Q: 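Here it is, the structure in full.
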2 protein chains.
Amino acid sequence: MTDPTPRTTPAPGLRERKKQRTRDALIRAALELFTEQGYEETTIDEIAEAVDVSQRTFFRYFANKQEVVFAVQDMIEARFLDELRARPAAEPPLTALRSAVMTAWDDIGQTIASTVPVDLHMRSYRMIESTPALIAAHLRRSTELEEQIAQLVARREGLDVDADPRPRVLVAAFSGVMRVAGKVWGEGHDCSVAAIREVTESYLDHIGPAIETHWRRG
Amino acid sequence: MTDPTPRTTPAPGLRERKKQRTRDALIRAALELFTEQGYEETTIDEIAEAVDVSQRTFFRYFANKQEVVFAVQDMIEARFLDELRARPAAEPPLTALRSAVMTAWDDIGQTIASTVPVDLHMRSYRMIESTPALIAAHLRRSTELEEQIAQLVARREGLDVDADPRPRVLVAAFSGVMRVAGKVWGEGHDCSVAAIREVTESYLDHIGPAIETHWRRG
DNA sequence: TTGTCAACTGTCAGTGGCTGACATTAGCCT
DNA sequence: AGGCTAATGTCAGCCACTGACAGTTGACAA
């Protein structure tokens, strides 16, 4: 009766599905509470109670209170990095970054929205930017992600990140643009995925021509 | 008997001096413990006990555990901002920044060293860079300081930070260089103030000519 | 189907960061 | 000297987080 040949994942059993549901519920409940009454004002006990699990269980899914806030970002970033790794090596670096972002955003429409509605994600973004402790965490995460991207870009081009400054510079510029795009989206009223796609695309168009000189010595 | 006409400060009484001593002792003890056994591994109780005050008193001097780590940086930054404000308006922006840094470092030799030995300060710097929670806090503080500097630079030049991108760009470049200089100093073995002065100066020399075009419309 | 194993969860007790309330001490000022 | 007020100690309590132990529940083989 059961089909034991799924495409890639090894058939998630009942246990795995249950775990996933609990995790998703915790994220949703946490973000809902955080955005409604504030991050500091929300207790882990409240979150756990909303999902009807023990406080201890919360900490079995998330190492700390901050982690649940960035769970969605984690998914998006992981997807982005995967896409980036999958881009053909022949593609110029900025083009690869751009394509990866776009593909990632498209997938988010399906994958993420099933966990957390897009507008909740947007409200969370605003909450992060207005909570000192989360701003700090966000900055740290950003620098770590930048470093990862720089490493990937360098490998694509066969360069050494420490010897050649161009990967880090490109990634810095790219990240700066992405950051501004995210900010503009967060301040706007359009919570759709299409909106952030649009904004990102137009912003990337601006730096594109300016940087996209031929890297690889011909 | 008492001289009621000090130059600027209104004659610190016994109470004030005592407070200052307690605060300094707390900072010294905290940094000493942090650098020796680690930040997370050190308890507020330990710090308080080392200075022979109650835990509650610690929290009357510092809002939280992180604050004591950055107390010295706070002094340095405050001094730097003061110097920057005092620079003549005729000076080109980068020159003003450079002069302010140099003067600040010179003062640190006297002012800060009396609170915390320079080598302890250097060890603290290394500890911060290797403690995730402190890295995050450090990044947030840095962006806030950058914003303040950008505001000051903009005012000097009679510009609007939101309308003209140049202040923020200059400050970003300046901060980047300062950051690298700090890193290089932290990795080196020379804990003297002269060393960091030297490093800073040489690094600033590099970007100087590149950016120092005439800003003010002549 | 059943029984075993391992994973998931709840409970409990405890640590450490942090705060409010209240009493006590100690510098300041007349 | 004595009143005022700031600084401190004490205590009780909240909340984030953790280890230990026990109970429950999927997974999997006999």
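Sequence lines set the chain letters: A, B, ... in the order given, protein chains first and strands last, and positions in each chain run from 1. Everything numeric here is computed off the predicted structure, so don't read it as measured data.
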Q: Of T22(A) and F58(B), whose closest DNA chain C nucleotide lies nearer the 5' terminus?
A: T22(A)
Q: In the structure I gave you, are the side-chain heavy atoms of I149(A) and F80(A) within less than 4.5 Å of one another anywhere?
A: yes
Q: Starting at atom CD of Q55(A), determine the distance to atom P of dC17(D), rounded to an integer number of angstrom.
A: 9 Å
Q: Does N64(B) or R60(B) map to a spot on DNA chain C nearer the 5' end, using the closest nucleotide for each?
A: N64(B)
Q: For Q148(A) and E77(A), does a side-chain donor sit closer than 3.5 Å to a side-chain acceptor?
A: no
Q: In terms of relative ring orientation, are W185(A) and W105(A) parallel, tilted or perpendicular, with 30° and 60° separating the classes?
A: tilted
Q: Name the residue closer to the 5' end of DNA chain D, choosing between Y61(B) and E16(A) according to the nucleotide with the nearest heavy atom.
A: Y61(B)
Q: Quick check on DNA chain D: between F59(A) and K18(A), whose nearest nucleotide comes earlier from the 5' end?
A: F59(A)
Q: Just checking, is any N or O donor in the side chain of E16(A) or Q20(A) under 3.5 Å from an acceptor N or O on the other one?
A: no
Q: Classify S54(A) by what it touches in the nucleic acid, base, sugar-phosphate, or nothing, heavy-atom distance under 4.0 Å.
A: base
Q: When you measure from the side chain of R56(B), which nucleotide among dA16(D), dT18(D), dG20(C) comes out closest?
A: dG20(C)
Q: Using the side-chain hydrogen bond (donor to acceptor under 3.5 Å, both in side chains) criterion, which residues pair with T143(B)? Sequence neighbours excluded.
A: none
Q: Between dT8(D), dC28(C), dC11(D), which nucleotide has the shortest distance from any of its atoms to the side chain of R15(B)?
A: dC28(C)
Q: Hey, does the side chain of K19(A) come within less than 4.0 Å of dA7(C)'s phosphate (OP1/OP2), counting only N and O?
A: no
Q: Using a cut-off of strictly less than 4.0 Å between a heavy atom of the residue and any atom of DNA chain C, enumerate the qualifying residues of residues 23-48 of chain B by number.
A: T42(B), T43(B), I44(B)
Q: So, is T57(B) near the phosphate of dG9(D), with a side-chain N or O under 4.0 Å from OP1 or OP2?
A: yes
Q: Do S192(B) and D190(B) meet the criterion of a side-chain donor-acceptor pair at a distance under 3.5 Å?
A: yes
